[in-house]
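Here's the structure, in structure tokens; my notes come after.
So that the names make sense, note that chain A is the first sequence line, chain B the second, and so on, each numbered from 1. If you're wondering where the values come from, they're calculated on a predicted model, not measured in any experiment.
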Amino acid sequence: MAKKQRTAIEPTRVEDYAEWYQQVVKVAELAENSDVRGCMVIKPWGYAIWENIQKVLDKMFKETGVKNAYFPLFIPKSYFEKEAEHVEGFAKECAVVTHSRLEDDGKGGLKVAGELAEPYIVRPTSETIIGASFAKWVNSYRDLPLLINQWANVVRWELRTRLFLRTAEFLWQEGHTVHASKAEAEAETRLMLDVYAKFAQEYLAVPVVKGEKSEGERFPGAVATFSIEAMMQDKKALQAGTSHFLGQNFAKSSDIKYQNKDGEYEFAWTTSWGVSTRLIGALIMAHSDDNGLVLPPKIAPAHIAIIPIAKNDEDRLEILEYIKKITSALKEKRFDGKEIIVEVDDTDATSGEKNWKWIKRGMPIRLEIGKRDMEANSIFMGRRDLDPKEKKGLGWEEFVNSVDEILNDIQNNIYQKALDFRSENSAVIDDKDEFYNFFTPENKEKPEIHGGFAYAHWCGSVDCEEKIKEDLKVTIRNIPFEADAEEGKCICCGKTSKQRVVFSKSY
RNA sequence: CGGGGUGUAGCGCAGUCCGGUUAGCGCACUGGUUUUGGGAACCAGGUGUCGGAGGUUCGAAUCCUCUCACCCCGACCA
């Protein structure tokens, strides 16, 4: 038997997926736990990914006419109470501010004082506080549509947290729009879902399934919730973005009314939509391998790590000069319309260590450049989408001239791998036993990676949804838009069904 | 929030059941020598309030009580 190849991350994905994930976050220096329970510290490499996500999405939002604004972190309790379902959905996970002051307790410490007349809730989402502003801003049909987005942090007092996937505080954007008609609001909901899907696929290189959430999975207070669902490498689904059609529910609770052309008052139609730092979790779990993070070039904080390989100081100076020539040539090049970011790793770690450091951090391209390369006017390149040992030499000018193609190739390759993985682990299932087998691990004690996306018929009843959830811990991820209308029998109860839905275990 | 687990050097761990010199090991780190197209070798060295607070004891990493954090499973959720 072949000796097991040493990997940079231990355990591997197959050995222990949850632990592997944590190790990737750690060795890639993306984030760490803070002293504040459930809250993470996002480190520079991780935050740079978030900044890139922001940059791209922000531009995409603005292209549809959305403008940015900022609303308070604190929401008066009374605002929150206005929408009953909304309250019910979030009440259990709210941080509440009740005092405004600290005073000396006479024992060298501090005590809270200055109790507030009305407690403030630290926003878990901002529908209600933004609604209050919108009620003032919207008077006439001429004020509509109102398209607003905010980049913010939110707090949801989670009991069980995982870096990026679920933390007590997280960063996100929340779009909130107001429309004069139902159809227009619905179109906005769908438009933003399309933006998310496009972003996930083209930038994060994560294929997603667009669809509508079942009633049970709907946002509290929404009329309809839509999502994009991505498959992680443990074959579980991760909701990567949501878009909600809120009907007139929030307009009524926040009193967002406008006068139509006939001078009559009507309640407006609202939407909200968001993605969060969870996208970074999706990115990690969709692409990374047993050697660490794998970053799609279009979202990577940097594209190329250059590792000088020198025997002595004299060689090193010459090699650095040679590298300078290459980096200045790279400055002229563009990838995805943006500058190509190069990190020259001139630290005095060994070349092997440096090489592995950049592999673990997911750098798309590594260039190892020694004296021999310099004399041959070439570079020695490793790609993160290929095996660490699979490196090749090519002329430096040739490299510079084709760098955008190489990065594109990596981007496409990563996407294709994720797409293939999803295809291999998606099944159309009509037989109930087959469905149950699909989601049952062989090892019950320590379940191996199993399951996937099952496209099966569902009659639409909450009972069937609940039953499957109870039996298998599998839920309906969404009702895909792209599925053809097709008669069939519910996988659970056998009653007639009009459409297939995606079942999966999920995050 | 319920069940289970873990907490000992920067990281990974042993030691805990059965209390007993100065708390170890591997990697990392520092210095040196040798190596040098690749996750280097050897020698020398530094590093710990043993998660925290109480308690039992001549003596606690080890026993008891409380507490905090993290991980896994469940419930809940982006």
Worksheet item: What distance, rounded to whole Å, do you find between the two P atoms, one in B:G51 and one in B:A61?
Response: 10 Å

Worksheet item: Atom CD of A:Glu19 to atom P of B:U6: distance rounded to whole Å?
Response: 15 Å

Worksheet entry | Interatomic distance at C1', B:G3 relative to B:C13, whole Å | 27 Å

Worksheet item: Going by heavy atoms in the side chains, are A:Phe380 and A:Ile369 under 4.5 Å from each other?
Response: no

Practice prompt. Determine, for A:Lys77 against A:Glu81, whether the closest basic-nitrogen to carboxylate-oxygen distance falls under 4.0 angstrom.
Written response: yes

Worksheet item: Hey, is the side chain of A:Lys469 poking within less than 4.0 Å of OP1 or OP2 on B:C76, counting only N and O atoms?
Response: yes

Item to complete: May I ask you to say what A:Gly393 touches in the nucleic acid, namely base, sugar-phosphate or nothing, with a heavy-atom cut-off under 4.0 Å?
Response: nothing

Practice prompt. Verify the contact: side-chain N or O of A:Lys26 to OP1 or OP2 of B:G12, cut-off strictly under 4.0 Å; return yes or no.
Written response: yes

Practice prompt. Please state the P separation for the pair B:G20 and B:U34 - nearest whole angstrom.
Written response: 46 Å

Discussion item. Quick check on B:G12: is either OP1 or OP2 less than 4.0 Å from any side-chain nitrogen or oxygen of A:Gln23?
Written reply: no

Worksheet item: If we take the P atom in both B:U21 and B:G39, what is their distance in whole Å?
Response: 42 Å

Discussion item. Please give the distance between the P atoms of B:A23 and B:U33 as a whole number of Å.
Written reply: 33 Å

Fill in: Span that lies between the C1' atom of B:U49 and that of B:G7, in whole angstrom
15 Å

Discussion item. When the C1' atoms of B:C71 and B:C66 are compared, how many Å lie between them, rounded to an integer?
Written reply: 22 Å

Fill in: Phosphate OP1/OP2 of B:A69: any A:Arg37 side-chain N/O under 4.0 Å
yes

Worksheet entry | is_close_aromatic(A:Phe399, A:Trp396), centroid dist under 6.0 Å | no

Worksheet entry | Distance, C1' atom - from B:U30 to B:U62, rounded to whole angstrom | 33 Å

Worksheet item: Given atom NZ of A:Lys505 and atom P of B:C76, what is their separation to the nearest angstrom?
Response: 16 Å

Worksheet item: Hey, does the side chain of A:Arg160 come within less than 4.0 Å of B:G2's phosphate (OP1/OP2), counting only N and O?
Response: no

Practice prompt. Could you check A:Arg372 against A:Phe170 and say which one's nearest nucleotide on RNA chain B is further toward the 5' end?
Written response: A:Arg372

Item to complete: Examine A:Arg190 relative to A:Phe481 and say whether NZ or CZ is less than 6.0 Å from the centre of the six-membered ring and inside a 45° cone about the ring axis.
Response: yes

